[in-house]
Every structure is written in structure tokens, then in C-alpha cells.
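As the structure is a computational prediction, the values presented were derived from the model and not from experiment.
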Amino acid sequence: MNGVYFGNIHSFYDLNLILAPFTPTPAEPKLNFLEIPGMDGFLDLTEANGEVKYNSREFEFIFTVAPGDTLTFDERVSAVSNALNGKRCRITLDRDPDYYWQGRCAVSEYTQDKNIGQITVTATVDPYKLKQNETVVSVVLSPPEVQTLVLTNSRKPVVPTITCTGNCSVSLGPKKPSRVLEAGTHKIPAFRLVEGTTGFLVSGDCEITFTYQEGEL
């Protein structure tokens, strides 16, 4: 079925709606060009803070009420509005089930012509689609061994959650400062993952786990 989940509500199985062909709009980068007199072109400040940022995306889902609906059109509009209008939720396309978008929905239009009902749902969504399942990487540490732990991340930068069962030491390399972590859960902005691979040096007498949510454009 070519439909869409809004949270745990499916457009066809729960709302009796048939989705028209849909293509996600592209992510629009926040470009920052500064014109300087006497200079050719522009000064590109898009990555002045270290990376490109993106605007929210605007999705438009156009649905037709499936034939044989047990509700009147007005009742179906009310059911869809009660389920979706104004709500922020995960949005998962049937054709891309391993990822979801996060956004706020609105029932923006509904019309009926010759007993054919059409309902349009718009959604303002975050620029990145996220993996349904978090990435989890664990290793058991034994002193005095120092292990190298390599984490692979998709396009969206992310700070992993670090959970350790005892005291341990973590650094981004032999020439980088180490952080001594006590047993528990930690989120350290300096240990930010960018696209590609990031290597950590870890040591201690415990199990350490890195958990993070990967996202793509």
C-alpha cells in the first residue's frame, strides 16, 4: 500500500484515504552571501558556524477518500482532523519504512465533487529524515587495554549518548584531551559526530555504549 503513517495512524488502514503520488520536497540550505563593495561576487558565509543549516520542509499529502467509505464526507473530514490537525508526529512513508520525518500536521483543504472526496494534509517537517532505529555501539573494556572505537554516522551531525557501567576514559584521539566518565549516562557536546567515521580511544573496567540517531537529507 502506498500510504503514510502519521505516528501510529495509517492513512489507508485507519483513515480510509488513498494517497496521490507524493515526492518529498528537497531540503533548502540556509545560504548566507555577503556583498562587499569592490569584491567580485559575494563572500560566502553559509558555513561560518562550521556547517550548512537547512530550512524546514513543507510537505503536501493529497488524499482521496476510498470508495465505499462507511462515513459521510463531513464525518470523514472530522475524523481526519481529529486524528491529525495541529499534531506533531513521526511521518513514515510506506515506500521508505526505515526512516521517518518529524513534523507538525495540518488539514489544509477538503473538497467534494461528484461524490469524490479529497482531503489535503500539509506538514512542516524537520529537514532531516531519521532512522527508525537508533545506532548502538558497545564494547567491554578491561584495564590496562586502550581500545579504538570507530563510529559511523550519516549526514546529520549528532552528539551520542554515552552510557558506562563503571568509570572510564574517553578521548577523540591520542593528542586530544581525555574525559573521565563515571558510571551512568552522559552527553558531551565535544564528542559530536559528523558525516563519516569518528574514532574514540576508550579505556576502563566496564562496558561502554554509544547511542545516537542517524539522519539523512
Quiz item: Can a donor-acceptor pair be found between the side chains of T92 and Q132 at a distance below 3.5 Å?
Solution: yes

Quiz item: Do N85 side-chain atoms and S81 backbone N/O form a donor-acceptor pair below 3.5 Å?
Solution: no

Quiz item: What distance do T23 atom OG1 and L93 atom CG have between them, rounded to the nearest 0.5 Å?
Solution: 9.5 Å

Quiz item: Which is it for E60 and T122 under the side chain to side chain donor-acceptor pair (under 3.5 Å) test, yes or no, and what are the steps along the way?
Solution: CA-CA 4 Å; E60 182 178 72; T122 57; over 6 Å; no

Quiz item: Transitively linked via ILVMFWY side-chain contacts under 4.5 Å: F12 with I91?
Solution: no

Practice problem: Take C105 and C89 through the side chain to side chain contact (heavy atoms under 4.5 Å, CB included) test and state the conclusion after the steps. | Solution: CA-CA 8 Å; C105 300; C89 61; 3.9 Å; yes

Quiz item: Where the side chain of D74 meets the backbone of V77, is there a donor-acceptor pair that is under 3.5 Å apart?
Solution: no

Practice problem: Give a yes or no on whether a salt bridge exists between D96 and K129, defined as a side-chain N under 4.0 angstrom from a carboxylate O. | Solution: yes

Quiz item: Is there a side-chain contact between Q102 and V125 (heavy atoms, below 4.5 Å)?
Solution: no

Self-check item: Main-chain N/O of K131 paired with Q213 side-chain donor or acceptor, under 3.5 Å
Solution: yes

Quiz prompt | T209 side chain reached by V136 side chain, heavy atoms, under 4.5 Å | solution = yes

Quiz prompt | Candidate pair T46 and D44, rule side chain to side chain donor-acceptor pair (under 3.5 Å), full reasoning | solution = CA-CA 6 Å; T46 302; D44 189 351; 2.6 Å; yes

Quiz prompt | Positive for side chain to side chain contact (heavy atoms under 4.5 Å, CB included) with V202, one of L181, V139, T148 | solution = V139

Practice problem: Check whether any side-chain heavy atom of V121 lies under 4.5 Å from a side-chain heavy atom of F6, and answer yes or no. | Solution: yes

Quiz item: What do you reckon, is OH of Y110 surrounded by more than 12 foreign heavy atoms closer than 6.0 Å?
Solution: no

Quiz item: Any side-chain donor paired with an acceptor under 3.5 Å for T135 and E214?
Solution: yes

Self-check item: Step-by-step side chain to side chain contact (heavy atoms under 4.5 Å, CB included) determination, T161 to T163
Solution: CA-CA 7 Å; T161 298; T163 304; 4.3 Å; yes

Quiz prompt | K156 vs Y212 side-chain heavy atoms within contact, under 4.5 Å | solution = no

Quiz item: Would you call the rings of Y5 and H10 parallel, tilted or perpendicular if under 30° counts as parallel and over 60° as perpendicular?
Solution: perpendicular

Self-check item: Separation of S171 OG from L201 CG (nearest 0.5 Å)
Solution: 4.0 Å

Practice problem: For the pair V158 and N153, evaluate side chain to side chain contact (heavy atoms under 4.5 Å, CB included) and give the outcome as yes or no after the intermediate values. | Solution: CA-CA 8 Å; V158 63; N153 184 44; 3.7 Å; yes

Quiz item: Mind checking whether I36 and L45 sit in one hydrophobic cluster, side chains of I, L, V, M, F, W, Y counted as touching below 4.5 Å?
Solution: yes

Quiz prompt | Same cluster (ILVMFWY, side-chain, under 4.5 Å), I188 and L149 | solution = yes

Self-check item: Donor-acceptor contact present, side-chain R179 to main-chain V170, <3.5 Å
Solution: no

Quiz prompt | Within 6.0 angstrom of L31 CG, more than 12 heavy atoms from elsewhere | solution = yes

Quiz item: Where the side chain of Q147 meets the backbone of V140, is there a donor-acceptor pair that is under 3.5 Å apart?
Solution: yes

Quiz item: At what distance, to the nearest 0.5 angstrom, does CD1 of I162 lie from NZ of K187?
Solution: 10.5 Å

Quiz item: Judged by atom type as modelled, is there a donor-acceptor pair below 3.5 Å linking the side chain of D94 to the main-chain atoms of G3?
Solution: yes

Practice problem: Could you check Y54 against E28 for side chain to side chain donor-acceptor pair (under 3.5 Å), going step by step and ending with a plain yes or no? | Solution: CA-CA 6 Å; Y54 296 87; E28 180 185 359; over 6 Å; no

Quiz item: So, the side chain of R90 versus the backbone of Y100: is there a donor-acceptor pair under 3.5 Å, distance only?
Solution: no

Quiz item: Where the side chain of T152 meets the backbone of G196, is there a donor-acceptor pair that is under 3.5 Å apart?
Solution: no

Quiz item: Considering only heavy atoms from C-beta outward, does the side chain of N32 approach that of K53 to under 4.5 Å?
Solution: no

Quiz item: Is E47 salt-bridged to K30, cutoff N-O under 4.0 Å?
Solution: no

Quiz item: Do the rings of F61 and F59 sit parallel, tilted or perpendicular, given the 30° and 60° boundaries?
Solution: perpendicular

Quiz prompt | Heavy-atom check, side chain of I119 versus side chain of F73, under 4.5 Å | solution = yes

Quiz item: Is P160 close to L193 at the side-chain level, that is, under 4.5 Å between some pair of heavy atoms?
Solution: yes

Quiz item: Is I18 reachable from V4 through a run of I, L, V, M, F, W or Y residues, each pair having side-chain heavy atoms under 4.5 Å apart?
Solution: no

Quiz item: F210 and F191: aromatic ring centres closer than 6.0 Å?
Solution: no

Practice problem: Might you confirm whether atom CG of N115 has over 12 heavy atoms from other residues, nucleotides or ligands at distances under 6.0 Å? | Solution: no

Quiz item: Yes or no on side chain to side chain contact (heavy atoms under 4.5 Å, CB included) for N16 and R76, after CA distance, side-chain angles and deciding distance?
Solution: CA-CA 9 Å; N16 204 39; R76 177 54 62 194; 3.8 Å; yes

Quiz item: So, N82 side chain and S78 main chain: donor-acceptor pair closer than 3.5 Å or not?
Solution: yes

Quiz prompt | Transitive ILVMFWY side-chain link L19 to L84, under 4.5 Å | solution = yes

Exercise. Mind checking the OG1-CG spacing from T198 to L172? Nearest 0.5 Å is all I need.
Key: 7.5 Å

Quiz prompt | Test side-chain hydrogen bond (donor to acceptor under 3.5 Å, both in side chains) applied to T124 and R104, R88, E58, the passing residue | solution = E58

Quiz item: Are more than 12 heavy atoms from other residues, nucleotides or ligands located less than 6.0 Å from atom CD of E51?
Solution: yes

Self-check item: Gap separating the NZ atom of K87 from the CD1 atom of I9, nearest 0.5 angstrom
Solution: 6.0 Å

Practice problem: Can you measure from CG (N55) to OG1 (T25) and round to the nearest 0.5 angstrom? | Solution: 10.5 Å

Quiz item: Are the side chain of T197 and the backbone N or O of L151 linked by a donor-acceptor pair below 3.5 Å?
Solution: no

